[in-house]
Structures are given as C-alpha cells and as structure tokens.
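Counting starts at 1 for both ligands and their atoms, in listed order.
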Amino acid sequence: MLISLATFEHLPIRVGGLAEAVTSLGEALQKQADVMILMPSHGLLQDEEVKKTLKPEKYCDYRIFVGDNIFPVTVYSAARKGVRMFFFSNEVLDHDKVYEPRHIFIQKMVHFTKAVPGLINMMLKIEQQKPDIIHINDWHCVFAGVLVKKYFQVPFIFTIHRLCHEKISSHELAEVNLGELIDHRFLEGDMFNIEKFGAHHCDRLTTVSYTYLNEEWRTFFSTFDGKTTYVWNGTDYTFWNTNDLKNAHLSRAERKKMLLKENNMEDGVFFFNVGRLDVAQKGVDILLGAFEIIMRGEVPGSEKVQDKIRLVLLGSGDHHLENEARRLENLFPKNMKAIIAYLGRETTREYYGAADFCLIPSNFEPFGLVQLEAMCMGCIPIGSRVGGINDTVLDFHDYPEESTGRLVPPRNSTALARAIVEMAQFSLSGQGDEVLNKMRARGREHVIQNFNWDKAADRYMTVYNNMSSIKLPFVSYSEPY
Ligand code: NHF
C-alpha cells in the first residue's frame with residue numbers, strides 16, 4: 001500500500017505538535033507500508049544543513065494555472081528512514097514562514113492544492129503508480145485531498161489535529177480558478193468553510209483523541225458521525241528517556257538541585273511549564289494567575305508551601321504573557337524563572353528529567369505531547385481535564401492505584417493553584433515520596449504501552465482499510481471504544 005501524507009509541517013519544518021505527529025506517524029507507517037510525504041518546501045531546500053543531510057534531488061517539474069498566471073513547480077524528493085518526502089517548490093511554495101503572512105499562506109495553499117494532483121499525474125508517468133490513500137492533515141491540505149479523490153479516485157482520509165473553523169471567500173477561490181470546489185452548502189455568507197467541506201468529502205474523518213471528539217461533537221463532528229473516529233497520537237519514548245540525560249548517573253533529587261541552581265534558585269518543589277506562551281489554547285495566563293494566587297497566600301495551605309515553590313517557564317510567544325512572566329519573576333525571584341526561548345529538545349529533556357511536576361494548563365488540547373513527554377521522563381503532569389490530556393493522564397484521586405498525574409478543571413487559576421499546593425504539600429510531607437515515585441514509574445509504563453507510534457500506525461491502517469470502529473449516534477459517548 002502506498003500512503004501519501006499531505007501536511008504543512010514535517011520535521012525539520014516545525015511550528016507545533018503537528019510536525020512531530022506527522023513525522024513520527026510516517027516513520028511508523030513505513031514499517032508496514034510505503035509512505036510519501038507531500039509538503040511545500042517552505043524554503044527548506046535553501047538550508048545548508050538540509051542539503052547536507054537529506055540531499056534532496058529534483059524529481060520532476062511541471063506548470064500550474066493560478067488565475068491568469070502560469071507558475072512553474074519543481075518537486076524535489078529525499079528519503080529519511082525509508083519515508084519518501086516530496087517538497088514542492090516555486091516562488092510561493094518556497095516562502096520560509098509556514099503560516100505567515102496570511103495572504104502568502106493562502107497563496108501557498110492554492111499552489112499546493114494544484115501542485116499535489118500535478119505530482120500524482122507525473123508519478124503515473126514516471127513510476128506507473130499512484131498513492132492508494134491520500135491522508136490530509138488539517139485544513140490547509142483539504143482542497144488537495146478533494147481534487148486527488150475527484151481526479152484519481154484515491155480514498156481521502158481527513159485528520160483534524162485542531163479545529164480552526166477556517167474560511168475562505170468564494171470569489172477568492174473562483175479567482176484562482178478553483179471555482180469547481182465551491183459548494184453552496186458550505187457557504188456562510190460569501191465565506192466557504194474549509195473543514196466542513198473536507199469532512200463532507202472525505203472517506204474517513206479522524207481526530208486525535210476521544211475527549212476532543214466528544215468536546216467538539218455537537219459543534220462539528222456529529223454532522224459526519226457515520227465516518228468519524230479518533231486515533232491517538234504516540235510519543236517517541238526512546239528519545240524521552242532519563243538514561244540519555246547529561247547527568248543520568250545522578251539521582252533525580254540531585255539533578256533537580258543542580259538545575260535549580262543554574263536558574264539561581266535554591267532547592268524546593270520544582271514545577272515546570274514548557275511550550276508556546278499563549279492564552280487561547282495553552283492557557284499560560286491561567287498558570288501565571290495560579291502562581292500569583294499561591295504567592296499571595298490566597299488559597300488554603302499556600303502559606304505552608306510558598307517558600308518552597310519553584311517554577312520554571314520555558315517558551316516564547318505572546319508578548320503580553322512574556323511581560324507578565326517577567327513581572328512575576330521580578331516580584332518573586334526566589335520562586336520563579338522565565339526562560340523566554342526555545343532551547344531545543346535536548347535541553348527540554350533535562351528539565352523534564354529534573355522537575356517534580358509539569359504544569360499543562362491548556363484550555364483545550366486535541367491531543368498534546370507535553371504530558372506524554374513529561375510522563376516518559378518521570379515528571380508528573382498536572383494538567384487540565386481536556387482533550388488528549390484527559391485521555392492520557394490518570395488522575396491521582398480518580399485512580400489512586402493507577403494514577404500517573406493530576407487533572408484539574410480548565411480555565412480556572414484557583415483550581416490549578418489548589419492542585420499545585422496539594423501536590424507541593426504531599427511532596428514536602430516526606431510520606432509522599434513512595435507514592436510519587438510509583439506515579440513516575442507508572443507514567444512511563446502507561447505511555448510506552450498505550451501511546452506509542454506503532455499503535456497509532458496500526459489504528460490508522462484500520463482506518464485506511466475501512467476496518468475501524470466509528471462513532472455512530474447509537475454508540476454510547478461515555479466509553480472509549
Ligand atoms: O498534539 C498533533 C497536535 C496535537 O494538541 C495538539 C494540537 C495540534 O493542538 O496532533 O496537533
């Protein structure tokens with residue numbers, strides 16, 4: 001079986017979790033099928049490191065019509081771990097910002113929409129074969145999926161990694177001669193709803209967690225119930241492994257002390273947050289609010305633990321949040337450090353391998369990778385009870401014997417502050433150590449067993465083969481199936 005995965009992100013091009021997800025899925029699927037990645041070049045062909053390591057070679061070139069203009073497209077191919085990657089290149093597709101600015105991004109989507117069927121046409125000539133499946137990841141690739149299905153009768157699987165409710169105006173589509181895609185059922189005023197259109201045309205619709213599917217059931221998925229299911233992502237537990245830490249030979253407590261010292265803090269209970277500093281999805285404002293509530297002694301018990309709270313924030317994003325983090329860091333320098341940067345996977349691993357708890361205050365999280373990485377590294381997640389966090393973390397109170405972390409209601413700084421105080425008290429009490437160490441060990445086991453990429457690939461294979469269970473209205477919503 002030849003599976004094509006269409007995506008705007010694939011490592012080394014990374015904006016968010018989509019890149020990790022599609023890259024790892026491709027590698028896992030390659031063990032049981034042939035995989036080809038379809039992606040705009042995003043300027044990656046000019047990168048010296050990419051030229052050296054991936055050595056992309058020209059595969060073919062052809063032309064596409066966009067409105068009254070004709071554009072050349074050159075496709076380069078490369079292989080990594082057996083996965084063939086096809087990079088589409090021209091003056092638009094080479095733009096190095098993946099999703100910005102908006103007008104170029106939309107042009108990129110249009111060029112990609114036309115370039116993908118163009119490549120399949122060429123592939124039929126060059127290799128006398130075409131993909132057996134086109135697997136579309138997120139809305140940017142939907143139009144390409146619809147055209148490939150229409151012109152080449154290739155089954156189209158649509159995965160929503162995060163619902164964006166994206167729209168484009170129908171006259172914009174007509175102007176770039178994609179008028180054949182305009183369907184009045186998906187017009188909202190003059191605007192065309194791309195995700196609904198994709199969900200309507202695809203053969204199977206999937207999203208990345210059971211809870212997210214339910215959270216968005218009424219708003220979106222229920223309309224497509226007969227073909228909708230979920231497939232959990234996995235995580236690369238071989239990379240997220242304490243044995244590969246710089247100070248693997250030291251105890252966790254010693255590593256913690258060292259890392260806190262590097263950040264000018266004394267030993268204490270170490271809480272860690274990593275990722276994009278944003279309000280809408282990641283809820284970092286909720287976390288900063290919780291920290292301030294604790295430091296001001298506004299939740300019961302906080303006065304007993306305040307002195308020992310250590311918080312490290314690692315990430316960048318929204319300037320307002322960066323400033324807020326700096327303000328709190330200046331107010332409470334003994335308790336908090338904001339590292340406004342992306343320091344790479346290896347450094348992040350050092351933090352997971354030393355911190356006691358990982359805070360994941362997302363307002364929504366279709367799947368979320370952080371809680372899995374943290375669990376792999378023995379850093380106990382305290383996260384919002386939403387989406388993939390709810391599916392993957394077993395709560396301390398709900399499952400006393402099997403727990404791997406702590407879940408709290410989303411969008412609630414007070415609830416998060418209470419959980420932080422509770423876990424800090426527990427950890428400082430001395431009697432908590434055994435329980436917490438068991439949680440750490442169980443967390444890693446839980447991820448390895450249930451959230452590995454081979455499992456995800458198996459489940460996608462059943463989706464491709466039309467053999468997966470689907471979420472029908474007469475199946476109970478409360479139980480994963
Ligand atoms: O993990 C990959 C990622 C998810 O929750 C994440 C998200 C975007 O928001 O599936 O996609």
Inset, instruction - With heavy atoms under 4.0 Å as the rule, classify the contact between Gln281 and ligand 1 as side chain, backbone, both or neither. - result: side chain
Inset, instruction - Please confirm whether Phe367 comes within less than 3.5 Å of ligand 1 when only nitrogen or oxygen atoms on both sides are compared. - result: yes
Inset, instruction - May I ask which of Glu20, His161, Gln371 has a heavy atom nearer to atom 8 (C) of ligand 1 than the others do? - result: His161
Which donor-acceptor pairs under 3.5 Å do side chains of residues 98-106 form with protein atoms, sequence neighbours excluded?
| unit_1 | atom_1 | unit_2 | atom_2 | d |
| --- | --- | --- | --- | --- |
| Tyr99 | OH | Glu9 | OE2 | 2.6 |
| Arg102 | NH1 | Glu166 | OE1 | 3.2 |
| Arg102 | NH2 | Glu166 | OE1 | 3.0 |

Inset, instruction - For this output row, return yes or no: ring centroids of His111 and Phe88 closer than 6.0 angstrom. - result: no
Inset, instruction - Measure the acute angle between the ring planes of His200 and Phe186, then classify it against the limits of 30° and 60° as parallel, tilted or perpendicular. - result: tilted
Inset, instruction - Please confirm whether Glu365 comes within less than 3.5 Å of ligand 1 when only nitrogen or oxygen atoms on both sides are compared. - result: yes
Legend entry - Min N/O separation Gly368 to ligand 1 under 3.5 Å: yes
Legend entry - Options Asn233, Val15, Leu369, ranked by nearest heavy atom to atom 2 (C) of ligand 1, top entry: Asn233
Legend entry - Lys337/Leu313 under side-chain contact (heavy atoms from CB on, under 4.5 Å): CA gap, chis, key distance, verdict: CA-CA 6 Å; Lys337 170 86 187 194; Leu313 229 73; over 6 Å; no
Inset, instruction - Decide, yes or no, whether a salt bridge links Arg252 with Asp356 under the criterion of side-chain N to carboxylate O below 4.0 Å. - result: no
Inset, instruction - Consider only side-chain N and O atoms of Thr219 and Glu216, and report whether a donor and an acceptor are under 3.5 Å apart. - result: yes
Inset, instruction - Using a 4.0 Å heavy-atom threshold (strictly under), name the region of Pro366 that reaches ligand 1: side chain, backbone, both or neither. - result: both
